[in-house]
*Asks:* 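The structure is given below, and queries will be raised subsequently.
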Amino acid sequence: MATIRKRVLKLLTLLVLLIFLTSFFLNFSHTVVTSSWFPKQFVLGFSENLKRFMKYSHRPCTCSRVCVEQRRVSRWFDRRFNQSVQPLLTERNSLLGEDIYRWWLKLQGEKQPTDLNDTIKELFQVVPGNVDPFLEKKAMGCRRCAVVGNSGNLRNSWYGSQIDKHDFVLRMNKAPTIGFEADVGSKTTHHLVYPESFRELRENVSMILVPFKTLDLEWVVSATTGTGTISHTYIPVPAKIKVKPNKILIYHPAFIKYVFDSWLEGHGRYPSTGILSVILSLHICDEVDLYGFGADGKGNWHHYWENNPSAGAFRKTGVHDGDFESNVTSILASIDKIRIFKGR
Ligand SMILES: *[C@@H]1O[C@H](CO)[C@@H](O)[C@H](O)[C@H]1NC(C)=O
Ligand SMILES: *[C@@H]1O[C@H](CO)[C@@H](O)[C@H](O)[C@H]1NC(C)=O
Ligand SMILES: *[C@@H]1O[C@H](CO)[C@@H](O)[C@H](O)[C@H]1NC(C)=O
Ligand SMILES: *[C@@H]1O[C@H](CO)[C@@H](O)[C@H](O)[C@H]1NC(C)=O
């Protein structure tokens, strides 16, 4: 009697273990495995999951929150997020598809663009064209990023020290930190600009140029190599900048179109720097926190460094659909892909 009970116990333990292991690997798999209990298929499925486990365990995300790129958390997200679109322009991926090139050319209606192939070639003689500065993500457990927008809701927020604790701190356009450290922090790792929104950056900050026209790429060359021939686009732009060429990265035009098509579903004429920074961060970070997005507590849209709260700096620009962009970030927050800090 006792031995039979022991045997049953053993069998039960084994069964529980088997169920546990199976559910572990099924849970781990990123696609729905229609569970089939035919031995052969089961073994195949098991080894498939094992392979996947080995592959993904090269870069385990050790965040306490669910990592951004985790599939099957939200279908809305999975339909939009495409990991294989590359955020940065490099020598290797610089050949634009015809449809992308034509779309990009229309953004600012450039009348007589120079040959893009020539321009890019020239560009990569100046800025590094073969680096992927985000690749080391793969070796990191959890890359936490703060994307800091320019909203007046940062005023008196005291977010500064919290922002500075992130691995990456992305800022954009004319955003200053000096004099606003308590609210916006002092650390910057990446700063997104286009020629018309340029500000000088500290030496250790990577500048990410967002090109909206061919002239923007030419400007990088002109402004860093000292020829300084471009001082005016549609408004005056700095003819020379101090940023070192080796700290310059180029946002990929195809990625701009991806943000426009996949995330904004064609709303607005083209994406704002704000939403371009947010979607970029989804691709290069494991955890994303947003600061300084949206209106302030009184519904005003203005920059945190401006004293005129009714300036409405961003909302009604005519080229961006601020409402739709803000819906996208709200949805991202509602499915826990990002967190939004709205000021206090
Ligand atoms: C993702 O992007 C790649 C590269 O641009 C493209 O070839 C592919 O079709 C896209 N996948 C989806 C599901 O849209
Ligand atoms: C760049 O060169 C490729 C072939 O190398 C060509 O197909 C493409 O049309 C060129 N693009 C432009 C903008 O000239
Ligand atoms: C960049 O340099 C400043 C001093 O110029 C320093 O305080 C800061 O810690 C540096 N930031 C990074 C991310 O290395
Ligand atoms: C944003 O979301 C709100 C609430 O869901 C909706 O009423 C509104 O139409 C959306 N705006 C845009 C521009 O899609």
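Remember, it's 1-based here, ligands and their atoms both numbered in the order they're listed.
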*Asks:* Have a look at ligand 3 and work out which part of R202, if any, has a heavy atom under 4.0 Å from it: side chain, backbone, both or neither.
*Replies:* side chain

*Asks:* Tell me if the aromatic rings of Y251 and F255 count as close, with their centers under 6.0 Å from one another.
*Replies:* yes

*Asks:* As a test of reading the model: which N/O atoms of the protein lie under 3.5 Å from N/O atoms of ligand 1, and at what distance?
*Replies:*
residue	atom	partner	partner atom	Å
ligand 1	2 (O)	N82	OD1	3.4
ligand 1	2 (O)	N82	ND2	2.3
ligand 1	2 (O)	S84	OG	3.4
ligand 1	11 (N)	N82	ND2	2.9

*Asks:* For Y270 and F212, take the angle between the two ring planes, folded into 0 to 90°, and tell me which bin it lands in: parallel under 30, tilted 30 to 60, perpendicular over 60.
*Replies:* tilted

*Asks:* Could you check, using the six-membered ring where one of them is a Trp, whether Y258 and H283 have ring centers closer than 6.0 angstrom?
*Replies:* yes

*Asks:* In terms of atom number and element, which parts of ligand 2 are under 4.0 angstrom from non-hydrogen atoms of Y101?
*Replies:*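 Close to Y101: 13 (C).
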
*Asks:* Output yes when D216 and K213 qualify as a salt bridge under the 4.0 Å nitrogen-oxygen rule, no when they do not.
*Replies:*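 Yes, charged N to carboxylate O under 4.0 Å.
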
*Asks:* Minimum heavy-atom separation for L280 and I208, please, with both atom names.
*Replies:*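 So the two residues come closest at CD2-CD1, 3.9 Å.
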
*Asks:* Does W263 reach the side chain of F81, with side-chain heavy atoms less than 4.5 Å apart?
*Replies:*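 The answer is yes, as the side chains (C-beta and beyond) meet within the 4.5 Å cut-off.
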
*Asks:* With heavy atoms of D115 as the reference, note each atom of ligand 2 found under 4.0 Å away.
*Replies:* 14 (O)

*Asks:* Pick from R143, K165, R65, K342: which one makes a salt bridge (charged side-chain N to carboxylate O under 4.0 Å, His left out) with D289?
*Replies:* R65

*Asks:* Hey, are R171 and T188 close enough side-chain-wise for a donor-acceptor pair under 3.5 Å?
*Replies:* yes

*Asks:* What about N204: any of its N or O atoms under 3.5 Å from an N or O on ligand 3?
*Replies:* yes

